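Let me begin by presenting the structure, written as structure tokens, before commenting on it.
Keep in mind it's a predicted model, so treat the numbers as computed, not measured.
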Amino acid sequence: MKKFSKTLTNDKSLPASLAMLYGAGFNDQDFDKSIVGIASTGYDGNPCNMHLNEIADDIKAEVNRKGLKGLRFNTIGVSDGISMGTFGMRFSLPSREIIADSIETISSAHYYDGLVAITGCDKNMPGAIMAMARLNRPSILVYGGTISPGEYKGEKLNIVSAFEAWGEHVSGKISEDDYNNVIKRACPGPGACGGMYTANTMASAIEAMGMSLPYNSSNPAQSNIKKLEPKHIASAINNLLQKDIKPLDIITRESVTNALTLVMALGGSTNAVLHFLAITKTCGIEFTLDDFQEISDRTPYLSDLKPSGKYLMEDLHNSGGVPALMKYLLKNKLLNGDCLTVTGKTLGENLEDIRPIGKSQDVVFPIENPIKKSGHIQILYGNLAEKGSVAKITGKEGDYFEGTAVVFNSEFEANEGIAAGKVKKGDVVVIRYEGPKGGPGMPEMLKPTSAIMGAGLGKDVALITDGRFSGGTHGFVVGHITPEAMEGGTIALIKDGDKIKIDTTHKVLQLLVDEKELLKRKSEWSKPDLRVKNGYLFKYAKSVTDASHGCLTDL
């Protein structure tokens, strides 16, 4: 159980190392204990993360009671909700790499035997999983839980309510007073954004993949049951250390397929595509965009959760939680029950005594009468996406859209254009130069999509981008267009008035412009300068892979 820490604690030729550990509070007995790194993404400035340091402290105390030595450390987080619609949003996806690098760095440099990572906002979770895969030491991911809903005028609120209120306000649908009240009440306390947005999507998927304990993803942040988790986590990490069960024993092609099957059933965020491409590559598992499509084709979309539905994660918790839904999927032969998990048992064994989600609730539809017979995530190709793109089609938008391009060279231009009424029914809004290199950082487009929904154009307008979308986005949207504009992809050649076809039945994203005209435009196109000249985003833009390969920087 001291496979790594013995390098420091048992080597008398390292007197400075031993002295520093005594200085850090070790006693003589601690040198014989396994050391567990407890990585927290907690910080004060974000509801998703503001309570995580307290959870980390509780886990540390329970780990120590188990006869292990817990050492807490912190890494960063970027709030998508706070940075959304600003240049700061460009740091969101790149923060995933910093999280992975920093957890790997401290755990490797200080020879921790095991790892527990406490996470909240979106990029925390895949970043932590990537670090665990690189280290391949006994590890558990812990999710801080979902936020409680806010309320105004009898309506439940969440973070997307605030974004869509802006669209309603600028279009004159609601008053200044109502707008301000929605903002003040949307986030009533700690916890990650309440719908099936990216945080809840990734937490649920990681539980299905076996890297977190049962119920961890759906227990709300402020629930009494969340307070009981640290004791179970300490027992689980102790068991993993004793049995030497490592992340790469758990994360396999089959367990990833389980994770993504759950994502499709939940109607989860398109960001899961980016993150699981990155996770699988880090784990050495062959996985492509076409695998996502295959899973989507065979998995019904069942969960009536926001942003496309009406319920929040807390409602799924009250209906039995993620394990109850997984038991239902397992019973219907949609999950592989033989995959190992951090309990030391298989997924099927974990779910043995769980009651499947029942008919007395209406959060999850029965398989015989799904919201949609196949998954909502669709992978589109065509002259606009030669290397692929990702659409989020829940069934409410239809399967086909053909419209006239209205082109914006940045998200900020698009926000101004939508507010000024430049977007009309029948338009395809094109937002480009927002990819991983062009953004840089591939920001989310929640502000423009929310403005479109708030203005009442959600069923009459499509939006395509080489950027990405928040899990809170809904409407007829296509993102992750590859090659991106900064690399000379066809999206860079679109002009106002061009016709664009989005056909999700035949998986096609096509610019309806003659090939000769496109070649002419290509010859006239020149690559713009990067928006940054130095710093982390400059380094990121120079090293990041494209969206169809997960936006990794370590290849």
Counting neighbours of [atom1] on [X] that are heavy atoms of other residues, nucleotides or ligands and sit closer than 6.0 Å, is the number greater than 12?
{"X": "Lys345", "atom1": "NZ", "value": "no"}
{"X": "His549", "atom1": "NE2", "value": "no"}
{"X": "Tyr111", "atom1": "OH", "value": "no"}
{"X": "Glu54", "atom1": "CD", "value": "no"}
{"X": "Asp44", "atom1": "CG", "value": "no"}

Determine whether a donor-acceptor pair (N or O, by modelled atom type, separation under 3.5 Å) exists between the side chain of [X] and the backbone of [Y].
{"X": "Thr280", "Y": "Leu277", "result": "yes"}
{"X": "Asn74", "Y": "Gly42", "result": "yes"}
{"X": "Lys243", "Y": "Gly344", "result": "no"}
{"X": "Glu314", "Y": "Pro149", "result": "no"}
{"X": "Asn239", "Y": "Ser235", "result": "no"}
{"X": "Thr465", "Y": "Ile431", "result": "yes"}
{"X": "Ser389", "Y": "Ala385", "result": "no"}
{"X": "Asn136", "Y": "Ala133", "result": "no"}
{"X": "Asn49", "Y": "Thr119", "result": "no"}
{"X": "Ser108", "Y": "Thr105", "result": "no"}

- Task: For the pair Thr41 and Asn124, evaluate side chain to side chain donor-acceptor pair (under 3.5 Å) and give the outcome as yes or no after the intermediate values.
- Result: CA-CA 7 Å; Thr41 57; Asn124 303 174; 3.1 Å; yes
[X] bridged to [Y] by N-O distance under 4.0 Å:
{"X": "Asp554", "Y": "Arg134", "value": "yes"}
{"X": "Arg298", "Y": "Glu294", "value": "yes"}
{"X": "Asp80", "Y": "Lys123", "value": "yes"}
{"X": "Lys387", "Y": "Glu484", "value": "no"}
{"X": "Lys33", "Y": "Asp30", "value": "yes"}
{"X": "Asp122", "Y": "Arg96", "value": "no"}
{"X": "Asp58", "Y": "Lys60", "value": "no"}
{"X": "Asp11", "Y": "Lys6", "value": "no"}

Spacing of [atom1] belonging to [X] relative to [atom2] belonging to [Y], to within rounding of 0.5 Å:
{"X": "Lys542", "Y": "Leu530", "atom1": "NZ", "atom2": "CG", "result": "5.5 Å"}
{"X": "Ile99", "Y": "Thr75", "atom1": "CD1", "atom2": "OG1", "result": "5.5 Å"}
{"X": "Lys281", "Y": "Cys283", "atom1": "NZ", "atom2": "SG", "result": "12.0 Å"}
{"X": "Thr343", "Y": "Ile250", "atom1": "OG1", "atom2": "CD1", "result": "8.0 Å"}
{"X": "Met486", "Y": "Arg531", "atom1": "CE", "atom2": "CZ", "result": "6.5 Å"}
{"X": "Leu316", "Y": "Leu266", "atom1": "CG", "atom2": "CG", "result": "6.5 Å"}

In the structure I gave you, are the side-chain heavy atoms of [X] and [Y] within less than 4.5 Å of one another anywhere?
{"X": "Met130", "Y": "Leu552", "value": "yes"}
{"X": "Asn46", "Y": "Cys121", "value": "yes"}
{"X": "Asp315", "Y": "Lys156", "value": "yes"}
{"X": "Pro323", "Y": "Leu351", "value": "yes"}
{"X": "Leu8", "Y": "Phe4", "value": "no"}
{"X": "Ile147", "Y": "Cys193", "value": "no"}
{"X": "Phe469", "Y": "Met445", "value": "yes"}
{"X": "Lys392", "Y": "Pro307", "value": "yes"}

- Check the pair Ile129, Phe276 against side-chain contact (heavy atoms from CB on, under 4.5 Å), reporting the backbone distance first and the verdict last. CA-CA 10 Å; Ile129 292 290; Phe276 274 97; over 6 Å; no
- Query: Please walk me through it: do Asn258 and Met209 pass side-chain contact (heavy atoms from CB on, under 4.5 Å)?
  - Reply: CA-CA 6 Å; Asn258 280 346; Met209 189 172 68; over 6 Å; no
- Message: Could you go through Tyr215 and Val322, starting from their C-alpha distance and side-chain angles, then the distance that decides it, and tell me whether this counts as side-chain contact (heavy atoms from CB on, under 4.5 Å)?
- Response: CA-CA 6 Å; Tyr215 292 102; Val322 165; over 6 Å; no
- Query: Parallel, tilted or perpendicular for Tyr301 and His376, by the 30°/60° rule?
  - Reply: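 Tilted: the ring planes of Tyr301 and His376 meet at 30° to 60°.
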Shortest non-hydrogen contact from [X] toward [Y]:
{"X": "Ile38", "Y": "Gly70", "result": "CD1-CA, 4.0 Å"}
{"X": "Ala131", "Y": "Ala100", "result": "CB-O, 3.5 Å"}
{"X": "Leu325", "Y": "Ser303", "result": "CD2-OG, 4.1 Å"}
{"X": "Leu335", "Y": "Leu330", "result": "O-CD1, 3.4 Å"}

Does either side chain, that of [X] or that of [Y], offer a donor lying less than 3.5 Å from an acceptor on the other one?
{"X": "Thr9", "Y": "Lys2", "result": "yes"}
{"X": "Asp113", "Y": "Ser5", "result": "yes"}
{"X": "Gln293", "Y": "Asp297", "result": "yes"}
{"X": "Ser40", "Y": "Asn53", "result": "yes"}

- Please report the C-alpha distance between Ser223 and Lys226 in whole Å, then the side-chain angles of each, then the deciding distance to 0.1 Å, and finally whether the side chain to side chain donor-acceptor pair (under 3.5 Å) criterion is met. CA-CA 5 Å; Ser223 63; Lys226 201 70 176 171; over 6 Å; no
- Query: For Tyr112, is the NZ or CZ atom of Arg137 found under 6.0 angstrom from the centre of its six-membered ring and inside 45 degrees of the ring axis?
  - Reply: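 Ring-cation test returns no.
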- On the ring face of Tyr197, is Lys306 found with NZ or CZ under 6.0 Å from the centre and within 45° of the axis?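 Judged by the rule, Lys306 and Tyr197 form no cation-pi pair.
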- Message: Between Ser296 and Gln378, is the side-chain contact (heavy atoms from CB on, under 4.5 Å) condition met? List the steps.
- Response: CA-CA 7 Å; Ser296 184; Gln378 300 294 315; 3.5 Å; yes
- Under the ring-ring contact (aromatic ring centres under 6.0 Å, His included) rule, what do Phe287 and Phe292 come out as? Steps first, then yes or no, please. CA-CA 8 Å; Phe287 219 85; Phe292 288 89; 5.5 Å; yes
- Derivation of the side chain to side chain donor-acceptor pair (under 3.5 Å) call for Thr201 and Ser269: CA-CA 6 Å; Thr201 297; Ser269 168; 5.1 Å; no
